[in-house]
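Inspection log for the structure reproduced underneath, given as structure tokens.
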Amino acid sequence: GDLNAKVPVDTKDEYGKVAQTFNDMTFRLSEAEEARSRLVADVAHELRTPLSLMQLKLENYQQAGQQISPEMLLRIHDEVIRMSLLVDDLHVLSLAEAGRLSLHRKPLDLTVHLERIVDDVKFEAEENGIALSLYTISRPISVMVDPRRITQVFFNLLTNAIRYTPSGGEIMVKIEERVVDRNAYFVRVSVIDTGIGISEEALPRLFDRFYRVDEARSRHTGGTGLGLSIAHHFVKAHGGFIRVESEPEKGTTFSVYLPHGQ
Ligand code: ADP
């Protein structure tokens with residue numbers, strides 16, 4: 001149907017109210033429709049480039065009548081894995097955006113959990129000449145979360161911090177047990193880096209899917225452009241939120257707020 005259809009509203013009676021409601025509904029429908037077609041266009045665009053490149057490479061081999069070298073096979077395999085990850089990320093993201101992400105919440109000691117995640121990325125940080133440290137209190141901090149989703153949130157923030165911090169830099173993960181925000185208590189986990197930072201203009205769009213501050217650089221470093229959207233939606237599904245502060249060339253702090261002890 002025509003999603004731009006509108007009924008004239010020129011009375012303040014019952015008919016006018018119904019007409020107004022109808023117009024509000026069609027407006028919301030057309031917004032949802034627009035979001036959906038934007039998503040499809042984004043996905044097509046993101047998959048088109050690597051697919052075209054692979055197709056081209058394979059056709060070149062075929063035309064030259066050459067055997068595909070083991071190195072080439074490895075590279076193609078890497079590309080296929082990257083595309084599969086992208087499709088998986090898109091799937092959970094679209095569930096989360098629709099509010100249909102299923103959470104399997106369990107009581108979790110955030111201190112121990114973060115120690116494990118930090119340990120998992122430590123090698124990659126050190127390999128890139130970055131010092132990574134975790135600051136926490138020795139007491140357990142219990143939160144009611146889906147461990148798998150929360151792991152992905154911190155993994156995304158930490159791999160970004162590593163990706164966008166030059167060698168010689170530093171990343172700190174800080175846990176605070178009771179932070180008050182708008183009359184509610186939260187556990188706050190901050191990922192603080194001394195990296196390239198983010199300009200003020202870019203900040204409002206940072207959590208949009210496929211948004212990259214520096215398109216060329218980010219693509220080169222292998223991100224899908226979905227990491228922060230996923231983190232945002234996962235934390236939101238838990239009743240929390242993420243804040244970001246940044247200064248170009250100085251560094252960035254992402255703070256995850258999770259509802260305190262539920
Ligand atoms: P990507 O896969 O490109 O990293 P994300 O959604 O995770 O996608 O991040 C979006 C963009 O935000 C990145 O392309 C990068 O430009 C910027 N960004 C994210 N984290 C940081 C950070 N810690 N420091 C500087 N820029 C960052």
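In each ligand, atom 1 is the first atom listed, and ligand 1 is the first ligand listed.
- The contact set between ligand 1 and Leu228, taken as ligand atoms under 4.0 Å from a residue heavy atom, comprises 5 (P), 6 (O), 7 (O), 9 (O), 10 (C), 12 (O), 19 (C).
- Inclusion of Asp193 in the set of residues having an N or O under 3.5 Å from an N or O of ligand 1 is warranted.
- Scanning for side chain to side chain donor-acceptor pair (under 3.5 Å) contacts around Arg243 gives Asp181, Tyr257, with sequence neighbours left out.
- For ligand 1 and Val213, the ligand atoms under 4.0 Å from any heavy atom of the residue are 14 (O), 16 (O), 17 (C).
- A salt bridge links Arg205 to Asp208: one of the charged nitrogens lies within less than 4.0 Å of a carboxylate oxygen.
- Using a cutoff of 4.0 Å between basic side-chain nitrogens and carboxylate oxygens, Arg212 and Glu46 are scored as salt-bridged.
- Checked by atom type and distance alone, the side chain of Arg105 pairs as donor or acceptor with a backbone atom of Met144 at under 3.5 Å.
- Close approach to Ile198 involves these atoms of ligand 1, each under 4.0 Å from a residue heavy atom: 25 (C), 26 (N), 27 (C).
- Within the 4.0 Å heavy-atom shell around ligand 1 one finds Gly197.
- Taking 4.0 Å as the cut-off, Phe207 does not count as a neighbour of ligand 1 on heavy-atom distance.
- A heavy-atom separation below 4.0 Å is found between Thr252 and ligand 1.
- Here is the list of ligand 1 atoms found below 4.0 Å of a heavy atom in Phe254: 20 (N), 23 (N).
- When non-hydrogen atoms are compared, ligand 1 lies under 4.0 Å from the backbone of Tyr211 (N, CA, C, O) but not from its side chain.
- Judged purely by distance below 3.5 Å, without hydrogens or angles, the side chains of Arg48 and Ser52 pair a donor atom with an acceptor atom.
- Minimum interatomic distance between His113 and Pro147 (heavy atoms only, all atoms of both residues): NE2-O, 3.8 Å.
- Partners of Thr136 according to the side chain to side chain donor-acceptor pair (under 3.5 Å) rule, which considers only residues two or more places apart in sequence or in another chain, do not exist here.
- Taking a cut-off of under 4.0 Å to the non-hydrogen atoms of Gly225, the atoms of ligand 1 that pass are 1 (P), 2 (O), 3 (O), 6 (O), 8 (O).
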